[in-house]
Amino acid sequence: MSSSASTTNSDECVLSDQLLALGRLARGEPPTGFLRAAVTLMGKCLRYRSAWWGLCFDRGPEEMPDIIQAEAIGLPESFAADWRRVESGNVFARTTVRERGVVQRLASACSGPAEATALAELARQLDIEGAMALCLEEEASGQLFFVVLYRAAGDQPFSDAEAAMFRELVRHVAQLWRFALQDALCQAEANSLGRMALARRDGQIVYAGSQISEQLSAHWPAWDGLQLPAEVVSQLQKAPFTQRMGLTRLVVTPLADHLQLAIESADVPTGLLTPRERRVAHLFAQGMSYKVIAQQLSLSPATVRTYLRQAYLRLGVKTKMELHGALSGRAR
C-alpha cells in the first residue's frame with residue numbers, strides 16, 4: 001500500500017471517529033454548550049491555537065457581515081467587538097461569507113492590504129498567524145453559521161487534508177446544533193427557528209434567528225447582536241413576560257437555566273398557537289381541569305400547565321374569561 005493511500009485511510013478513520021464523537025456529544029450536551037464542546041473536540045484532530053464561531057447576517061457584497069451571536073476559545077471576551085472595530089479591509093471575512101460552503105485558508109493574518117493595518121495589528125497582539133474558516137447558510141434560521149480556527153506564528157499552515165476534514169466536521173456540527181435547538185425551543189418546527197432566540201439568564205445570546213434579529217434591530221437600533229437589549233435584560237428576572245414591539249410582541253419564557261424568546265404578531269395571536277397549545281387552551285376555557293385535560297390528551301398535568309402558560313403569554317391574557325374571549329375572537 002502506498003504512503004498516500006495509507007494517509008488517506010488514516011484521515012478517513014480520524015474523521016469517522018470525530019463524527020461518531022460529535023453524535024455522542026449532541027446527545028449529552030444541551031444546545032447552549034454544544035458548540036463550544038464541538039469546537040473543542042475539533043482541536044483533537046485540527047490542532048488550532050484559538051477559535052471563534054457563531055451566527056452572522058450577510059448585508060451585501062460591499063458590507064461586512066453583522067455578527068449576531070459569537071463565542072470563542074483562546075481569545076478575549078472582547079474579541080467580537082474588537083473584530084468589528086478593525087473589520088475594514090478584511091478580504092478574508094468577505095470571501096468566507098460570499099463563498100459559502102467553501103473552506104477558506106489564510107497563511108498570514110498579519111499581512112494584507114493597507115486598509116487592513118488595524119486588523120493585522122490585532123492579529124499580532126493575539127498571536128494569530130494562519131486561519132481557516134467556513135460559512136454555511138442556515139436555511140431554518142435564515143442566518144449564516146461560521147467557524148474560524150487560528151494558528152499562531154511558527155505553526156504549520158492548515159493543509160488540504162485538514163481543510164477537507166474541517167468542512168465535514170462543521171457541516172455535521174451545524175446540523176446537530178439545529179436539531180438540538182428545535183428540540184430545546186419547545187419542539188419548534190424547523191421553519192419557526194427564524195423567529196426564536198435562546199439566551200442565558202444574564203442576557204447573553206446563545207442563538208437568534210433572522211426574523212427576531214431583524215425585529216430587535218428595528219426596535220432597538222443600537223442593539224449589538226451579542227446581548228439582549230438593555231430594556232429586555234432589565235425584565236428578565238420576572239420572566240415569563242411579553243413586551244410590545246410595534247406590530248409584534250416579544251414573548252420571553254424560562255427554559256431550564258436559560259430563556260426562550262419568540263416574536264409574534266400582536267394583531268392575530270390565536271393563529272400563532274401551536275395545535276397542541278390551542279387544543280389545551282380550548283379545553284381549559286371550556287372548564288376542564290389540568291388533570292382531565294391531561295387524561296384526555298395523554299399528557300402529564302405538568303405538560304398541560306406548560307402549554308397553557310404558553311397560550312396565556314402568546315395571547316396576552318390573564319384570566320380564563322379573557323382566554324375564552326381571545327379564542328372566540330372577541331376583543332379583550
Side-chain angles (χ1 to χ4, degrees), residues 4 7-8 11 14-15 18 35-36 38-137 144-171 173-174 226:
S4 62
T7 300
T8 299
D11 289 342
V14 171
L15 176 59
Q18 288 282 296
L35 289 181
R36 178 174 293 276
V39 176
T40 299
L41 182 64
M42 288 185 196
K44 292 186 177 181
C45 59
L46 295 176
R47 299 181 299 104
Y48 61 82
R49 295 293 186 97
S50 56
W52 76 309
W53 61 91
L55 297 172
C56 64
F57 183 74
D58 187 5
R59 297 192 297 171
E62 302 302 320
E63 300 287 337
M64 292 299 293
D66 276 336
I67 304 298
I68 301 300
Q69 172 263 327
E71 292 185 271
I73 292 173
L75 295 168
E77 291 184 5
S78 62
F79 181 73
D82 294 338
W83 183 87
R84 282 173 168 163
R85 285 195 292 270
V86 300
E87 63 185 15
S88 177
N90 194 335
V91 177
F92 180 70
R94 283 199 179 97
T95 303
T96 300
V97 171
R98 185 173 63 249
E99 299 182 11
R100 297 162 199 170
V102 179
V103 175
Q104 304 296 327
R105 286 176 285 169
L106 184 65
S108 177
C110 296
S111 62
E115 60 268 28
T117 302
L119 182 64
E121 178 58 29
L122 177 64
R124 279 189 288 270
Q125 291 175 6
L126 299 176
D127 195 18
I128 291 174
E129 182 68 15
M132 180 164 65
L134 180 62
C135 185
L136 300 174
E137 191 129 21
L144 301 177
F145 175 71
F146 70 90
V147 179
V148 187
L149 306 183
Y150 297 117
R151 283 181 174 168
D155 292 341
Q156 290 292 319
F158 289 104
S159 67
D160 291 346
E162 288 175 320
M165 186 177 298
F166 178 60
R167 181 176 184 273
E168 291 305 309
L169 290 174
V170 173
R171 289 175 62 230
V173 166
L226 303 176

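Model, not experiment: these values are computed from the prediction. FYI, the numbering just counts along the sequence from 1.
Separating the CG atom in Asp127 from the CZ atom in Arg151 is a distance of 13.5 Å, to the nearest 0.5 Å. Rounded to the nearest 0.5 angstrom, Gln104 CD and Phe158 CZ are separated by 13.5 Å. In this structure, CH2 on Trp53 lies 9.5 Å from CE on Met42, to the nearest 0.5 angstrom. The CG atom of Leu35 lies 6.5 Å from the CD atom of Gln69; values are rounded to the nearest 0.5 Å. Atoms CZ and CD, from Arg124 and Glu129 in turn, are 9.5 Å apart once rounded to the nearest 0.5 Å.
Not a single side-chain hydrogen bond (donor to acceptor under 3.5 Å, both in side chains) links Gln18 to another residue, sequence neighbours left out. With sequence neighbours excluded, the residues forming a salt bridge (charged side-chain N to carboxylate O under 4.0 Å, His left out) with Asp155 are Arg49, listed by chain and number.
Distance alone, capped at 3.5 Å, is enough to place a donor-acceptor pair between the Arg167 side chain and the Gly101 backbone. A donor-acceptor pair is defined here as one N or O able to donate and one able to accept, closer than 3.5 Å; no such pair exists between the side chain of Arg100 and the backbone of Glu137. Listed for the Arg84 side chain is a donor-acceptor partner under 3.5 Å among the backbone atoms of Ile67. Distance alone, capped at 3.5 Å, is enough to place a donor-acceptor pair between the Ser159 side chain and the Glu162 backbone.
Between Phe146 and Leu55, the shortest heavy-atom distance links the atoms CE2-N, 3.7 Å. Across all non-hydrogen atoms, the minimal contact from Leu136 to Ala174 is CD1-CB, 4.1 Å. Across Ala80 and Ala70, no two heavy atoms sit closer than the pair CB-CB, 4.3 Å. For Pro76 against Leu126, the heavy-atom pair with the smallest separation is CD-CD2, 3.8 Å. Closest approach of Tyr150 to Ile128, counting heavy atoms only: CD2-CG2, 3.4 Å. Leu122 approaches Val86 most closely through the heavy-atom pair CD2-CG2, 3.7 Å.
Using a 4.5 Å cut-off on side-chain heavy atoms (C-beta onward), Met165 and Val103 make no contact. Counting heavy atoms from C-beta outward, Leu119 and Phe92 have side chains that stay 4.5 Å or more apart.
Tested against Leu169 for a side-chain contact (heavy atoms from CB on, under 4.5 Å), the candidates Val39, Leu41, Leu15 yield a single pass: Leu15.
Other residues, nucleotides and ligands place no more than 12 heavy atoms under 6.0 Å from the CD atom of Glu77.
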